[in-house]
Amino acid sequence: MKNLNKRTLSAQELDLLAKELDAVRARAMADVGKKDARYIRHVVALVRYSAFAGRALLMLSFFPPAWMLGTLLLALSKIVENMEVAHNVMHGQYDWMGDPSLNGQTYEWDLVGTSDNWRTSHNFMHHTYTNIKGMDDDVGYGVLRLFPEQRWKPHYLFQPFYAVIFALLFQWGIAIQELRLGQLFSGKKSKEKFSEEFAPVKRKMRQQMFKDYVFFPLLAGPFFLPVLAGNFVANGIRNVWTYSIIFCGHFTRDAEIFPKSVLKDESRGHWYMRQIKGSSNLEGGKLLNLLSGNLSHQIEHHLFPDVPAWRYAEMAKEVRAICDRHGLHYNTGSFMKQAGQVTWRILRYAFPSKTSSAQLNEFRAESTAS
Amino acid sequence: MSIHVYNNCIYIYFRTNTVHPNLATFSLLDAVFSADAFDFWARKVHPLWSWQQPLAQIVSKHPESNDAVTLVLKPNRHVSAFIAGQHINVSVEIDGRQHSRSYSPRYLANNHIAITVKRIEGGKVSTWLCNQSQRGDIVQLNAPFGEMTLKERPNHAVFLAAGSGITPFLSLIQAHAKTGQRITLLYWVRDDASACFAEALTQLAQANPAFRLHLLMTQPKDGIASDRIHLAQINALVPDLASTHWYACGPEGFVSTAAALATQLNRPFLGEAFSLPELAASQGEHVQIQLLKSRKTLSVPAGEPLLSALENAGIQPAHGCRRGICNTCACPKNSGTTRNILTQEEQHEAVSGLRLCISAACSDLTLDL
């Protein structure tokens with residue numbers, strides 16, 4: 001399996017791969033229309049109804065089951081909004097509808113990070129430079145060591161602990177990702193530049209804090225604290241869930257990391273291949289598809305980021321057949337299996353990795369080959 | 001309205017354009033109120049309720065001729081007022097996509113709005129409005145535009161209409177004939193069946209002596225055929241040409257002939273032609289790109305990726321991957337034809353997110369950039 005995974009395709013094979021995947025995309029796009037509009041509007045309705053029901057139940061917090069159910073419904077609403085609506089809308093998957101409330105350039109999500117920063121760090125950097133060390137900040141988010149190719153430093157010994165904190169506070173991590181605090185601390189970024197970049201983020205953080213921890217708790221009057229607690233827990237559940245889905249998408253055992261050199265004159269076929277090798281899917285059925293915003297089909301999402309995501313499950317059959325034909329490993333497994341592999345990486349690469357020297361040399365050779 | 005917290009005090013503003021941006025550092029109300037959420041719930045109560053969208057509901061629909069219908073629309077409070085002779089962009093959703101076309105609206109009693117739609121062969125919106133639309137359907141009515149009004153207060157207005165070019169004139173005649181405004185209408189149609197409003201116009205002519213109607217059929221089922229527009233015909237039908245202002249509306253060829261005649265007779269002239277599908281420019285030819293936000297018009301080579309073409313012309317659009325992945329360079333296209341460089345598909349419609357890096361111009365374009 002490992003050998004198959006590392007197989008590299010020739011230029012002609014890559015061209016053929018690009019042609020075949022382009023054809024899959026073209027077939028899906030030709031069918032885009034009424035069904036997709038109806039789907040995304042149903043999902044938006046689910047977000048609104050579940051948020052309403054969740055917040056209403058939290059107002060009745062004197063009855064403990066109402067608090068529990070309210071919190072879960074609010075978490076569900078936030079998860080579906082972030083994953084299936086916001087993430088996919090911001091990719092421009094529904095721009096063709098011409099509906100201003102589903103416009104990729106202007107959509108603002110229910111998260112402390114700004115949509116504008118997400119459009120840069122995720123849509124551009126992560127999707128263009130997927131799993132390229134030093135280009136794709138999602139590789140460890142600047143705080144975790146997940147691949148032997150990342151240089152070990154002593155503080156990684158603590159990563160099993162702070163990875164948990166990072167998961168619990170994931171929305172704050174996303175919020176500050178694009179601010180690149182490392183550059184500020186090392187003096188590469190001026191304080192003025194930082195304040196300028198931080199202003200919109202600060203505004204968004206205040207808005208989100210006001211909504212969940214002032215406005216709705218105040219609305220509940222005597223149940224201020226239970227509502228605040230419910231909102232806090234709902235945000236936390238969403239954080240851990242989105243963290244898990246994103247990490248399972250790129251940091252499983254067989255997911256590959258690439259050196260910057262691959263970018264030199266990269267063909268469309270090679271970009272496609274890199275998306276397949278750097279991504280991993282989750283098998284789990286329709287509920288998992290919805291709750292993950294169809295990132296259960298991370299491979300298809302990375303191949304076709306602008307195709308309405310609910311179509312990935314159908315497209316996956318063809319993609320898998322194409323991968324098999326080209327001898328490319330199609331990385332998929334159950335949520336538990338993939339999450340287990342990610343957890344192993346977090347634990348394993350907290351420590352220096354001897355076994356990696358051969359791979360490392362290969363990686364460095366590739367880096368300097370250009 | 002917005003609420004601001006500043007120096008530990010809560011200020012409530014009714015938002016105006018004069019609020020200094022530094023004062024409006026953050027608006028907490030935006031955190032708990034969104035127009036989209038309001039619309040979602042409001043429309044469950046009433047289909048026309050919206051925070052800011054100009055919507056209208058089709059309340060009745062009746063045939064006007066063999067290939068045209070009149071739709072009566074009930075607008076909500078966000079629909080802008082228009083004056084007789086102006087156009088309005090009507091947006092409808094067909095197969096999940098918003099499509100928009102211009103029509104000439106007129107007011108009816110109780111502030112309802114009527115538009116008359118002629119079915120065009122292969123026309124998405126006109127076919128939908130004529131065949132599929134039903135009572136109760138919701139359409140969007142955007143801000144009115146157009147210069148075909150009688151604001152010059154001419155002594156004697158001559159209206160030259162061909163086919164569905166009649167629509168702006170109908171609202172002008174209805175609005176002005178009863179005030180004693182002298183109007184002569186020359187209305188060219190193919191035959192009886194294709195003459196929209198023939199009955200309404202005849203009644204208006206009978207009721208208002210200042211309004212004279214000449215219905216000219218180029219291919220009548222019986223009777224004598226009239227010629228297409230020419231000088232002798234106008235001389236014969238319009239008295240006192242020297243005191244006239246001319247207004248023409250119809251297909252491009254008709255309006256340009258009318259304009260030439262007006263120049264020949266030295267008459268003030270205002271014309272409006274239906275836009276025809278723009279011709280695709282061939283590779284290397286230059287096209288005009290109008291940028292609405294930066295108020296610039298540039299000439300760039302057709303067939304070249306728009307992102308680099310705009311950059312070469314000194315514009316710096318926001319961009320990321322330069323290969324159609326990240327959507328950073330997407331901007332609204334209001335008009336014109338583009339080709340997707342990856343799929344070779346042509347796009348003639350207005351779109352809300354045109355990716356500049358993988359699109360090339362095939363015609364003059366208007367971009368909201």
Side-chain angles (χ1 to χ4, degrees), chain A residues 22 25-26 29-30 32-38 40-41 44-45 48 51-52 90-108 119-120 122-129 199-200 202-204 206-212 214-216 219 266 268 271 302 305-306, chain B residues 3-5 10 21-22 24-41 44 51-53 91-100 140 318-333 340 342-345 347 349-355 358 368:
Chain A
D22 280 344
R25 183 184 182 281
M29 289 309 281
V32 161
K34 199 186 267 172
K35 279 181 278 185
D36 306 77
R38 197 171 47 212
I40 194 67
R41 287 193 176 127
V44 169
R48 299 216 187 278
F52 182 84
M90 284 194 274
H91 270 294
Q93 290 179 5
Y94 296 93
D95 277 5
W96 54 270
M97 287 173 67
D99 181 339
S101 72
L102 296 171
N103 182 294
Q105 298 284 325
T106 54
Y107 190 92
E108 191 61 51
R119 280 183 271 263
T120 309
H122 178 82
N123 288 9
F124 171 37
M125 295 304 283
H126 171 59
H127 272 271
T128 311
Y129 306 121
K202 190 163 77 181
R203 176 171 174 264
K204 185 71 196 291
R206 277 184 186 169
Q207 286 186 331
Q208 291 295 102
M209 293 296 96
F210 175 74
K211 176 168 77 176
D212 282 341
V214 180
F215 181 82
F216 283 108
L219 212 59
E266 188 179 41
R268 189 167 170 78
W271 178 80
H302 266 265
D306 58 345
Chain B
I3 301 176
H4 301 274
V5 179
I10 295 178
N22 283 341
T25 41
F26 63 99
S27 145
L28 292 180
L29 199 68
D30 286 350
V32 288
F33 174 84
S34 95
D36 294 336
F38 178 91
D39 285 5
F40 176 84
W41 296 109
K44 309 252 172 253
W51 187 253
Q52 54 193 15
Q53 289 200 71
S91 291
V92 299
E93 186 174 312
I94 304 171
D95 291 337
R97 286 178 170 80
Q98 287 289 324
H99 295 268
S100 183
Q140 188 170 325
H319 66 272
C321 66
R322 310 191 77 100
R323 43 180 154 166
I325 304 161
C326 74
N327 217 37
T328 309
C329 62
C331 81
K333 177 189 80 172
N340 182 317
L342 298 177
T343 63
Q344 303 301 322
E345 273 168 62
Q347 173 60 262
E349 299 272 341
V351 292
S352 66
L354 178 78
R355 279 172 288 172
I358 53 161
D368 196 20

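All chains are named by letter (A, B, ...) in the order of the sequence lines, taking the proteins before the strands, and each is independently numbered beginning at 1.
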Could you have a look at A:K34, A:R119, A:H127, A:R48 and say which one has the most heavy-atom pairs with chain B under 4.5 angstrom? A:R48

Of the backbone (N, CA, C, O) and the side chain (C-beta and beyond), which part of A:D306 lies under 4.5 Å from a heavy atom of chain B, both, or neither? side chain

Name the option with the most non-hydrogen atom pairs under 4.5 Å to chain A; the candidates are B:S100, B:C331, B:A37. B:A37

Apply side-chain contact (heavy atoms from CB on, under 4.5 Å) to the pair A:W271 and B:I325, showing each step before the final yes or no. CA-CA 11 Å; A:W271 178 80; B:I325 304 161; 3.3 Å; yes

Stepwise side-chain contact (heavy atoms from CB on, under 4.5 Å) check, A:R25 with B:T343: CA-CA 10 Å; A:R25 183 184 182 281; B:T343 63; 4.1 Å; yes

Gap between atom CZ of A:F52 and atom CZ of B:F40 - 0.5 Å precision: 11.0 Å

Chain B contacts, top residue of A:K211, A:R268, A:R38, A:Q105 (heavy-atom pairs, under 4.5 Å): A:Q105

Return the option, out of B:D39, B:T328, B:D95, with the maximum number of heavy-atom pairs under 4.5 Å with chain A. B:D95

Looking at A:R41 and B:E93, is any side-chain nitrogen of the basic one under 4.0 Å from a carboxylate oxygen of the acidic one? yes

At their closest point, which heavy atom of B:R323 faces which heavy atom of A:E266, and how far apart are they? NH1-OE1, 3.3 Å

Gap between atom CG of B:D30 and atom CZ of A:F210 - 0.5 Å precision: 11.0 Å

CD-CH2 distance between B:Q347 and A:W96, expressed to the nearest 0.5 angstrom: 12.5 Å

Heavy-atom distances under 4.5 Å only: say whether B:I94 touches chain A with side chain, backbone, both or neither. neither

Part of B:R355 within contact of chain A (heavy atom distance under 4.5 Å): side chain

Taking every heavy-atom pair that is under 4.5 Å apart, which of B:A330, B:G353, B:A318 has the most such pairs with chain A? B:A330

Would you compute the distance between atom CG of B:D36 and atom OH of A:Y107 and round it to the nearest 0.5 angstrom? 8.0 Å

Side chain, backbone, both or neither: which part of A:A45 has a heavy atom under 4.5 Å from chain B? both

Are side-chain heavy atoms of A:F124 and B:H319 found at a separation under 4.5 Å? no

Can you tell me how far apart CD (A:E108) and OG (B:S34) are? Round to the nearest 0.5 Å. 11.0 Å

Contacts of A:F216 meeting ring pair (Phe, Tyr, Trp, His ring centres under 6.0 Å) (sequence neighbours excluded), chain-then-number -> none

Only one of A:D95, A:D99, A:L102 forms a side-chain contact (heavy atoms from CB on, under 4.5 Å) with B:S352, so which one is it? A:D95

Under the side-chain contact (heavy atoms from CB on, under 4.5 Å) rule, what do A:M90 and B:N327 come out as? Steps first, then yes or no, please. CA-CA 8 Å; A:M90 284 194 274; B:N327 217 37; over 6 Å; no

